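Quick caveat: nothing in here was measured; it's all calculated off a predicted structure.
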Amino acid sequence: MNQKKQWSEGLIKLLFYSALIAVAGLAVFAALTFRLDSKAVVSQARPSFETGWYYLDGSGRKVEIRSFSKIEGNTEPSVIYNTLPEMDSDQVLCVDSHHQSLIVRVNDQVLFQQGINNQAAFGTYYGALWNIVTIPKEMSGQQISLEVGGPHAVSNSDHFSVLLGSGQDVLFYMGERYFGTFAFSFITFCIGMIILLVWLISLFRNIEINRRSFFYLGLFSVLASLWAFTDTRLAQLFTGNAAVPYLISFSSFMLMPIPFLLFLIEYYDEKQAMALRLIAIAFGALFFVNMGLYIFGAAELYQTIPLVHILLSGSLLLLLFFCFRERKFASGSKDIRDAFWGLVGLSAFSLFGIVRFYVWNHDDNSRYFRIGLLVFIVLLSISVCKKSIAVFKSKISAVAYKKLAYTDTMTGLRNRTAFDSDMDQMENNLGAFETIAILVFDLNNLKRTNDRHGHNAGDLLIRTSARCLESVFSYDGICYRIGGDEFVVILNNVDKFKIEEKLNQLNRVFDKENRRNSMKIDMAYGYDVKKAADIKKDGLYSLFNSADAFMYARKEKIKQMRRRENVTS
């Protein structure tokens with residue numbers, strides 16, 4: 001099972017990342033080589049210019065068009081006519097086209113054309129465009145004609161509309177009509193980038209969170225925002241080339257389900273997860289099939305969308321079936337319930353949008369996808385963040401407990417447990433050091449201090465001694481309290497001269513402390529230093545034992561000296 005899991009996930013990643021590279025390559029290729037004979041803007045300026053239009057039937061008779069969605073007569077017009085109104089200033093004509101070519105003429109003078117002389121390696125029509133042309137005021141009252149070509153007829157109000165107004169009207173309506181889409185794109189993009197940033201930080205700083213969930217949810221959010229933005233005409237303002245957002249829009253829509261499915265895998269058992277992996281592979285394969293059909297001229301991208309809709313609908317229904325069959329979302333934890341309701345919201349709005357696309361043919365079916373996506377992303381982002389924060393807090397607590405377990409509570413130095421752990425780590429990594437020195441210290445007068453002044457005074461003496469040791473050695477080594485009155489310092493890459501210099505410094509610190517305190521610090525010490533290569537034979541603890549023996553020898557020597565001084569006196 002693990003081999004199948006690794007194989008399927010490896011294939012998904014190969015397909016998905018290859019698809020992303022292909023999309024980037026196609027977008028760059030289109031931007032550099034496709035030369036489209038149009039400019040597109042986002043607008044639906046008012047007042048509209050949808051009355052007064054007519055076409056000529058087979059006998060040359062004028063047939064008035066009362067509504068583009070209900071054209072009377074038996075002939076489907078390819079050219080429609082009207083008379084321009086009186087204009088006080090130059091006006092902007094906006095013609096909404098969906099996968100259509102367009103020629104705008106005034107008195108047989110061609111003012112604008114789109115999709116006629118495109119110089120592109122592949123593809124003919126490039127999505128939904130607002131075609132804009134400036135109409136000089138001198139053309140007031142003259143005849144205007146629109147010649148429309150392509151797969152969609154004029155007699156469909158959702159695919160064809162004509163507007164006429166000032167440039168200010170165009171810009172104003174641009175912001176008004178697409179504010180919601182832009183807000184959705186901005187919000188989901190920010191959410192996705194924040195999630196990916198958290199994933200990246202956790203990766204480099206080795207923070208234990210559910211990185212897989214963060215990565216796939218962040219990637220899904222970014223792709224969703226990219227699709228929503230390029231699905232509108234806003235992107236055409238920034239690229240100046242309709243082919244680029246057209247390619248990115250269809251590609252991101254086809255690839256978006258892959259990180260979505262990979263994110264949801266952790267909520268299902270292994271058998272169901274394998275089914276989701278196979279569906280993700282199917283989406284990746286479908287992307288390359290659709291792109292192949294498009295590049296080789298077998299089909300336009302919009303003609304392949306039904307295949308994506310079928311696979312997407314089946315995936316959503318299968319996910320919901322798994323949820324209701326297992327019933328674990330009703331009785332599961334809070335994050336599982338959030339995932340369930342997010343999935344229900346996304347499925348409901350997405351399936352409704354797909355049905356509406358084919359039944360009502362509404363102008364903005366992606367609105368329902370966006371609502372479902374926003375519900376899913378917000379709910380799951382909150383859930384993943386809460387879950388990760390809980391994990392992070394538990395890790396912090398574990399680190400705090402570990403630190404507490406390795407810390408001597410009286411002095412703040414590392415304790416015997418930490419000393420043994422560090423010694424083991426160093427012994428396993430001796431090649432990283434040139435020399436290792438171990439210094440052992442022992443308080444000479446702790447018992448006498450406890451007997452004469454009480455244990456509080458003895459504790460104070462221990463803390464003061466620890467502070468002095470740390471002030472001298474903390475920048476060059478690590479200080480430990482390994483017993484009641486015994487301390488150890490480990491120094492790396494030092495020689496005897498450096499050690500003696502540090503010990504002289506320590507004696508000066510002791511003298512300074514003893515001059516201002518009635519309880520005197522009196523420590524015996526011993527040390528040993530060896531090359532790391534020489535330690536391998538007997539082990540690191542042999543160095544500690546040697547230093548400890550030197551300390552006790554010095555301690556005994558001090559006792560004998562003091563006894564002789566007492567006899568003499």
Side-chain angles (χ1 to χ4, degrees), residues 44 67-70 96-100 125 127-128 150-153 155-161 177-178 180-181 184-185 188 220-221 223-233 246 249-261 264 275-276 279-280 282-283 286-287 289-290 293 299-325 329 339-380:
Q44 188 164 336
S67 170
F68 285 123
S69 61
K70 296 179 181 179
D96 184 12
S97 65
H98 287 236
H99 310 289
Q100 295 164 314
Y125 307 106
H152 290 298
S155 59
N156 189 321
S157 61
D158 294 329
H159 284 159
F160 196 82
S161 60
R177 177 173 180 178
Y178 294 105
T181 303
F184 168 83
S185 302
T188 53
F220 174 65
S221 300
L223 281 176
S225 68
L226 195 62
W227 164 71
F229 181 70
T230 53
D231 192 55
T232 67
R233 298 102 194 237
Y246 177 69
S249 176
F250 276 92
S251 299
S252 56
F253 184 72
M254 286 188 281
L255 294 175
M256 195 165 47
I258 296 178
F260 164 72
L261 291 168
L264 288 175
L276 299 187
I279 295 173
F283 272 108
L286 183 61
F287 167 82
V289 170
N290 289 348
L293 293 173
E300 292 289 332
L301 280 180
Y302 69 88
Q303 294 174 320
T304 67
I305 280 298
L307 297 175
V308 182
H309 284 166
I310 290 171
L311 189 56
L312 180 60
S313 300
S315 303
L316 293 172
L317 291 173
L318 182 64
L319 288 168
L320 291 175
F321 171 73
F322 284 160
C323 293
F324 286 111
R325 189 184 69 175
F329 286 92
F340 171 72
W341 289 115
L343 182 60
V344 169
L346 175 61
S347 301
F349 283 106
S350 299
L351 292 172
F352 180 75
I354 291 173
V355 171
R356 192 176 180 85
F357 180 82
Y358 293 101
V359 176
W360 286 280
N361 222 356
H362 193 267
D363 185 49
D364 187 15
N365 294 286
S366 63
R367 174 191 305 137
Y368 303 99
F369 281 100
R370 293 196 299 269
I371 295 172
L373 286 169
L374 190 60
V375 170
F376 179 83
I377 290 171
V378 169
L379 280 178
L380 270 295

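I279 pairs with exactly one of L318, L319, I258 by the side chain to side chain contact (heavy atoms under 4.5 Å, CB included) rule, that one being L318.
Separating the OG atom in S347 from the CG atom in L317 is a distance of 7.5 Å, to the nearest 0.5 Å. Note: S251 OG to M256 CE = 12.0 Å, rounded to the nearest 0.5 Å. Distance CG/L320 to OG/S315: 11.0 Å, rounded to 0.5 Å. Atom CE of M254 is separated from atom CG of L307 by 10.0 Å, given to the nearest 0.5 angstrom. For the atom pair L223 CG and S252 OG, the distance stands at 6.5 Å (nearest 0.5 Å).
Residues satisfying the side chain to side chain contact (heavy atoms under 4.5 Å, CB included) criterion with A299, sequence neighbours excluded, are L293, Q303, T304. With sequence neighbours excluded, the residues forming a ring pair (Phe, Tyr, Trp, His ring centres under 6.0 Å) with F253 are W227, H309, F369, listed by chain and number. Applying the side chain to side chain contact (heavy atoms under 4.5 Å, CB included) rule to I310 yields no partners; only residues at least two apart in sequence or on another chain are considered.
Separation of the F349 and Y368 ring centroids does not fall under the 6.0 Å cut-off.
Contact check for L255 versus F283: no side-chain heavy atoms found under the 4.5 Å cut-off. Looking at L351 and L312, their side chains never come closer than 4.5 Å, going by heavy atoms from C-beta outward.
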Could you go step by step and tell me if Y246 and F250 meet the ring pair (Phe, Tyr, Trp, His ring centres under 6.0 Å) rule?
CA-CA 6 Å; Y246 177 69; F250 276 92; 4.8 Å; yes

Donor-acceptor pairs under 3.5 Å, side chain of residues 371-380 to any protein atom, not counting sequence neighbours: which ones?
none

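The nearest pair of heavy atoms linking S185 to A228 is OG-CB, 3.6 Å.
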